*Asks:* 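First, the structure itself, so that you have it in front of you.
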2 protein chains.
Amino acid sequence: MKFDERHLIQLAAVVKTGGVTEGAALLGLAQPAVSRTLSMLEKRVGEPLFIRGRRPLQPTPLGLSLAEHGLVMLAASRKASDLVESFRVGKSGVVRIGGTPFFMDALIAGLCAEFQASHPDVRIDQNYGYFPDLRAALKADQIDLAICPIDILDEGSGLEFQQILPGRNVVACRVTHPLLLKRRPQPSHLLDYPWIAPPPGSPLLADLRALLLSFGATEIKIRYSGGSLMSVINYLKSADALTIMPHSVVFAQRKEKSITALPIAIPHPERALAILTRTDAPLSPAVEQFAGFVRSGFESLRHLIKRHEEAVVWGL
Amino acid sequence: MKFDERHLIQLAAVVKTGGVTEGAALLGLAQPAVSRTLSMLEKRVGEPLFIRGRRPLQPTPLGLSLAEHGLVMLAASRKASDLVESFRVGKSGVVRIGGTPFFMDALIAGLCAEFQASHPDVRIDQNYGYFPDLRAALKADQIDLAICPIDILDEGSGLEFQQILPGRNVVACRVTHPLLLKRRPQPSHLLDYPWIAPPPGSPLLADLRALLLSFGATEIKIRYSGGSLMSVINYLKSADALTIMPHSVVFAQRKEKSITALPIAIPHPERALAILTRTDAPLSPAVEQFAGFVRSGFESLRHLIKRHEEAVVWGL
DNA sequence: GAATTTCATAACGATCTGTTATACTGATGC
DNA sequence: GCATCAGTATAACAGATCGTTATGAAATTC
């Protein structure tokens, strides 16, 4: 005995509403359609599903049991419909993001949480990587969207950068660092302290090398490397060490009052943060929503940084 | 977005098995049918449900979520099919029985439990009543089957008795009753003890009256009445009272060794126990099974009683 | 017992289903 | 890199099914 699921749903609707007419209305059908379905079901099952000739239509035990299964299907069907609707407007789905570790840890994770306040049914899968990895992951459709500093894209690579924050590197240290006490700290002083090297593969590492070269420094006291952002910060908090960091990352930590940036202008390449996506395939609605949220989030951040810097300048 | 539930089930089958061909096979369909359903679904949903061009067919998150709902429906559908199968062979369903209190309590309740050892999914609803009530309940389709002593049925009543046990009334008392010590207890001795009257409406009450009349007794010391079987037995256990009971009910209590029957032959009308059912509507499979079980159960009981009585005779 | 509501049946067009046959595409082998 | 192969998509068609309107039958209600 194999059922057409729709028939069981119709049965469920009739049992639930207590009438063929009402059941049909519940499903948006005409009454004869449902009536015929019931007759057909009874014939096929070979057992009565309703007690005939009773006006508040009353199911037999078998009819009732079958209707319960139908109700399960009806609920599942409704849920499926809702799911598609919410998926379409980006209210459900999966967003697979990748990005450079410091940015992800400092800025994106929090944004994800904020995003889910309005999109609770969107799942976010986060991955770490630097540009080459991210580019490959995007091409291989392992992630939907990458967040990393702008890099060079081949022509016709099928990828696209959208800048979300202008970049600037700073030298970070703990708030009690002795260099902060100096009236005018000089770049050469930077060589007096132990350094934390950014993770290998990180653009920051290249930037650090360029920075040192600009001082004519050939050697640097690297005492720690390989840690994630939290490790680096915790190390910094416990020593007068220095490291190079995107300004926005240091800025994001300002509330903690544990690390800050040295007021030393250092050379820095153009490293604007951007969203990297594929151009060949359309983004799923949830990804689209998330990307929009990230853009507006960084737009706010940009203004915040701007006002903050103006305030700091005035405060000087 | 409203789905044809069957489509979601097909989607579920494909996701579950990991291939269109296998999914189709799981549902007993040809591959093109399922393939077309998938194409159609994707077009209607407007979002890809599978990542194209991957051989171990891989669903998108949306496809996967939809498939989960489809799986729910598939499971419900299977359960519904199983339910009908088990109903057909009487392995599930509801049996609504009614009967005279003493028989139900003494004999039927235990049989119900035994029945459900082989039919665990059959629910039994038990009701009490005497013949007129049971007849009415059957006609009103409130019960499927009644168990009571055979009574007079009108011609064309649409009901039918099937005898399951020949009837015989005995005088019951506790095993320590003084009358049991007498060599040859006489009917007249019965008037010396207090009596328990069977419940009003009970055939036993009429039988008791007839019994007394046969002794020429006009008065009897009725000290207790209205109790269910358990009350009557508990009363009997605590006093040298007497009461009239169907022999089978006393017999059913033999293991308890608390009450027994006096070896006094008393006049008794023909009161064979029977199953009363409607003849106009077919019994549901579960009821049929139950009726068969009751018949064979009483068949065994009949033999048991016979052997038991022969043994008692030999023992004398 | 008449009115009204509800259910069952009939007939019909449109749609959809499932089938077979066949072309296509990605995986696998050398 | 090309051939082979398994699995998937497409096409075409016959049959079933759906949902509709119109209408008759049955039961409830007043």
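Everything quoted here is computed from the prediction, not taken from an experiment. When reading the values below, keep in mind they use all heavy atoms of this one structure, side chains included, and skip hydrogens, waters and symmetry mates.
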*Asks:* Measure CZ/A:F50 against P/D:dA27 and give the value in whole Å, please.
*Replies:* 17 Å
*Asks:* Could you check whether B:T37 gets within reach of a base, just the sugar-phosphate, or nothing at all, counting any heavy atom under 4.0 Å?
*Replies:*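 It contacts nothing in the nucleic acid.
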*Asks:* How many whole angstroms separate atom CE of B:M40 from atom P of C:dT15?
*Replies:*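 Checked: the CE to P distance equals 13 Å.
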*Asks:* By nearest atom, which of the nucleotides C:dT9, D:dA9, C:dT19 is closest to the A:P32 side chain?
*Replies:*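 My answer, after comparing the listed nucleotides, is C:dT9.
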*Asks:* Which nucleotide in the list C:dT9, D:dT8, C:dT17 gets nearest to the side chain of B:H7?
*Replies:*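 For B:H7, the side-chain atoms sit closest to C:dT17.
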*Asks:* Describe the nucleic acid contact of A:T21 in one word from base, sugar-phosphate, nothing, applying a heavy-atom distance below 4.0 Å.
*Replies:*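 The residue A:T21 makes sugar-phosphate contact but no base contact.
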*Asks:* Measure the distance from CD1 on B:I51 to P on C:dA27 and round it to the nearest whole Å.
*Replies:* 13 Å
*Asks:* Taking only N and O in the side chain of B:Q10, is any of them less than 4.0 Å away from OP1 or OP2 of C:dG18?
*Replies:*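 Result: yes.
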*Asks:* Under 4.0 Å between any heavy atoms, over every strand shown, what does B:R6 touch: base, sugar-phosphate, or nothing? Just pick one.
*Replies:*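 Here B:R6 touches the backbone only, sparing every base.
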*Asks:* Check step by step if side chain to side chain donor-acceptor pair (under 3.5 Å) holds for B:D151 and B:Y130.
*Replies:* CA-CA 10 Å; B:D151 210 306; B:Y130 298 109; over 6 Å; no
*Asks:* Let me know, please, whether B:R44 or B:L29 comes out on the 5' side of the other along DNA chain C by nearest nucleotide.
*Replies:* B:R44
*Asks:* Examine distances only and state if a side-chain atom of A:S157 and a backbone atom of A:D154 form a donor-acceptor pair shorter than 3.5 Å.
*Replies:*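 Yes, A:S157 side chain to A:D154 backbone: donor-acceptor pair under 3.5 Å.
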*Asks:* Between C1' on D:dC18 and CD on A:E5, what's the gap in Å once rounded to a whole number?
*Replies:*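 After rounding, the gap between these two atoms is 16 Å.
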*Asks:* State which residues pass ring pair (Phe, Tyr, Trp, His ring centres under 6.0 Å) with A:F115; sequence neighbours excluded, sorted by chain then number.
*Replies:* A:H119, A:F290, A:F293
*Asks:* What's the closest nucleotide to the B:R36 side chain, out of D:dA12, C:dA11, C:dC7?
*Replies:* D:dA12
*Asks:* Consider only side-chain N and O atoms of A:Q31 and A:T21, and report whether a donor and an acceptor are under 3.5 Å apart.
*Replies:*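 On atom types as modelled, these side chains do not qualify, holding no pair under 3.5 Å.
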*Asks:* May I ask you to say what B:E22 touches in the nucleic acid, namely base, sugar-phosphate or nothing, with a heavy-atom cut-off under 4.0 Å?
*Replies:* nothing
*Asks:* May I ask you to decide if B:A13's main-chain N or O and B:T17's side chain share a donor-acceptor pair within less than 3.5 Å?
*Replies:*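 Yes; at least one donor-acceptor contact below 3.5 Å.
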*Asks:* Among C:dT20, D:dT10, D:dT20, which nucleotide sits nearest the side chain of B:S35?
*Replies:*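 Within the option list, the nearest is D:dT10.
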*Asks:* Please give, in whole Å, the distance from D:dA26 P to A:L57 CG?
*Replies:* 16 Å
*Asks:* Expressed as a whole number of angstroms, how long is the span from B:L27:CG to C:dG18:P?
*Replies:*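 Value for this atom pair: 9 Å.
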*Asks:* From the set D:dA9, D:dA12, C:dT20, return the single nucleotide nearest to any side-chain atom of B:Q31.
*Replies:* D:dA9
*Asks:* Can you check the A:L49 CG to C:dA8 C1' distance for me, whole Å?
*Replies:*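 That distance rounds to 15 Å.
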